[in-house]
Amino acid sequence: MFQEDMAGSPPSCPSAFAAPRLYPSVLAARLKMTSKEQRKQWEAEQKTLAALRVQEDLLDWSCEDGFPDLHRVAGVDVSFFADGTYAIATVVVLSFPQLKVLWERSAAFRLSVPYVPGFLAFREVPALAQLMDSVPCALKPQVVLVDGNGAFHPRGCGAATHLGITVDLPTIGVAKDVLKVGEVNSSLARRVSLTLAPGQWASLCEVAALFRPRMGKPLVVSPGHRISLETALQLTRAICGTSAPEPVRQADLRSRRAVKAWHAGQEVEYLSNPRLRHLERVQAVQELAEQGELRTSERVDVTRSKCKWQVKAPVVPQVEEDTRTWGSILFGWMCVCMSRDGQP
DNA sequence: GCGACAG
DNA sequence: ATCTTGTCGC
């Protein structure tokens, strides 16, 4: 049990949190604080949930041209206060294909768990799941895009998968950096990205692909829950703006805005104990699974899967002519420089 | 012992 | 994740 769970009341005054910024050291200290017992428990939960992951399309919308039955997509994100003890979780629901924001909710919560690579979900998903619960039925999203990984994870259970299973919605993981999973790492991804023109993608392994937006860093796309990698990629491409999928961009923008608003002294909604509520929820999911009420599926072991890095051109090219911008060209050049450093 | 490591 | 300015363009 983390001490923070005992803290009761919401923060009421920004000036009360003028704590010094100790990011690197605080992180290092907390990382060591995470006991081996805790890690084992987390790993066990991830394995249990990974076994419940539905890896094929289980959707209420069609994947055919233009996704005719898809009307609402959601994005989620978390932004942090400078003192590292509070954060704001945001859920946004957008219309499809217009990609206009239909609904938003942002709320502050106390961070009760450190960030440990491979265990992001335990830090961010409880608050996000609680917010997802409050989405009005009429606005319930048909798919959720998560900042992070889905099945592309050492135990097949990244934050997108964790969230998808606990709220029982299709999810897609979109990560800005490459988590090391088996043979896949950032240097492999860098080599693959050099072969990618804007708008193209290439697979990294069975459950992850690298997608190059028109501008900016390539994204790691992996299915979270109730969706295939193919469909996840297809949809991500369809809703990707210039550098990121619109739902995650909106969630990012709005959660940061909420942090700034907080700093400016505005009242912000507060979630009391997302982690404790989430523990009960996960338990409920596991019990349902034991009773056979939940569908289970075979887990793909990323670690043992071979890398297929053949480049595949997009079905519908997003960039017809050479409309590459300065930033895009500069990025390509930086990639070349970085790969030179990386090569013997 | 040191480095790696989604957000 | 967070720390950060000016600047160019619509």
Side-chain angles (χ1 to χ4, degrees), chain A residues 17-32 34 39 42-43 46 50 75-90 108-128 145-164 171-190 204-205 207-211 215 217-224 232 242 244-245 248-249 251-260 262-263 302-303 325-327 330 342:
Chain A
F17 296 95
R21 293 157 192 184
L22 308 166
Y23 258 81
S25 55
V26 165
L27 256 164
R30 291 190 171 185
L31 218 147
K32 287 180 182 174
T34 309
R39 289 181 71 109
W42 281 348
E43 286 177 7
Q46 289 178 332
V76 299
D77 195 23
V78 174
S79 290
F80 300 84
F81 288 81
D83 71 359
T85 59
Y86 286 88
I88 289 203
T90 295
F109 65 101
R110 187 164 180 115
L111 293 167
S112 60
V113 162
Y115 167 68
V116 183
F119 302 93
L120 174 66
F122 296 90
R123 184 165 161 89
E124 299 192 349
V125 166
L128 294 174
L145 280 94
V146 182
D147 217 327
N149 291 305
F152 179 61
H153 180 274
R155 287 159 296 279
C157 188
T161 300
H162 217 291
L163 179 66
T171 54
I172 299 172
V174 182
K176 296 182 288 295
D177 282 294
V178 185
L179 179 62
K180 187 183 186 304
V181 180
E183 303 301 310
V184 183
N185 56 29
S186 55
S187 78
L188 169 63
R190 200 171 52 223
L204 288 172
C205 65
V207 293
L210 207 59
F211 172 67
M215 192 180 301
K217 289 174 68 172
L219 304 169
V220 181
V221 178
S222 67
T242 137
V248 300
R249 194 181 76 92
D252 183 73
L253 242 44
R254 284 154 199 267
S255 61
R256 296 170 110 94
R257 183 183 303 169
V259 170
K260 278 204 301 186
W262 168 266
H263 237 99
V302 183
T303 308
T325 60
W326 202 35
L330 182 63

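Naming convention: chains lettered A, B, ... in sequence-line order (proteins, then strands); numbering from 1 in each chain.
Salt bridge status for A:Arg254 with A:Asp77: absent, with no side-chain N to carboxylate O gap under 4.0 Å.
With sequence neighbours excluded, the residues satisfying side-chain contact (heavy atoms from CB on, under 4.5 Å) with A:Ile88 are A:Phe81, A:Thr90, A:Ser106, A:Ala108, A:Ser255, A:Ala258, A:Val259, A:Val268. Residues that satisfy the ring pair (Phe, Tyr, Trp, His ring centres under 6.0 Å) test with A:Phe109, not counting sequence neighbours, are absent from this structure.
In this structure, A:Tyr115 counts as stacked on the base of B:dG7 under the 5.5 Å centre distance and 30° plane angle limits.
If you check every strand for non-hydrogen atoms under 4.0 Å, A:Asp177 touches sugar and phosphate atoms only. A:Val220 comes within 4.0 angstrom of nothing in the nucleic acid, heavy atoms only. Here A:Ala87 lies out of heavy-atom contact (under 4.0 Å) with every strand. The residue A:Gly173 sits apart from the nucleic acid: no heavy atom pair falls under 4.0 Å.
If you take CZ of A:Arg256 and P of B:dG7, they are 12 Å apart, rounded to a whole angstrom. Going from atom CZ of A:Arg155 over to atom P of B:dC5 covers 15 Å, rounded to whole Å. Note: CD (A:Gln46) to P (B:dA6) measures 14 Å, nearest angstrom. The distance between atom CG of A:Asp77 and atom P of C:dT2, rounded to the nearest whole Å, is 8 Å. If you measure from atom OH of A:Tyr86 to atom P of B:dG7, you get 25 Å, rounded to the nearest angstrom. A straight line from CZ of A:Phe122 to C1' of C:dA1 spans 19 Å, rounded to a whole angstrom. Rounded to a whole Å, the CH2 atom of A:Trp42 is 13 Å from the C1' atom of B:dG7. Distance, A:Asn185 CG to B:dG3 P: 18 Å, rounded to whole Å.
Heavy atoms only, all atoms of each residue included: A:Ser222 and A:Ala151 are closest at OG-N, 3.7 Å. In terms of heavy atoms, A:Phe80 sits closest to A:Leu111 at CD2-CD1, 3.5 Å. For A:Ala159 against A:Ala121, the heavy-atom pair with the smallest separation is CA-CB, 3.7 Å.
In terms of phosphate contacts, A:Lys180 brings no side-chain nitrogen or oxygen within less than 4.0 Å of OP1 or OP2 of B:dG3.
Although no hydrogens or angles enter the test, the distance criterion places a donor-acceptor pair under 3.5 Å between the side chain of A:Gln46 and the main chain of A:Gly118.
In DNA chain C, no stem is built from 3 or more consecutive Watson-Crick or G-U wobble pairs with both distances under 3.5 Å.
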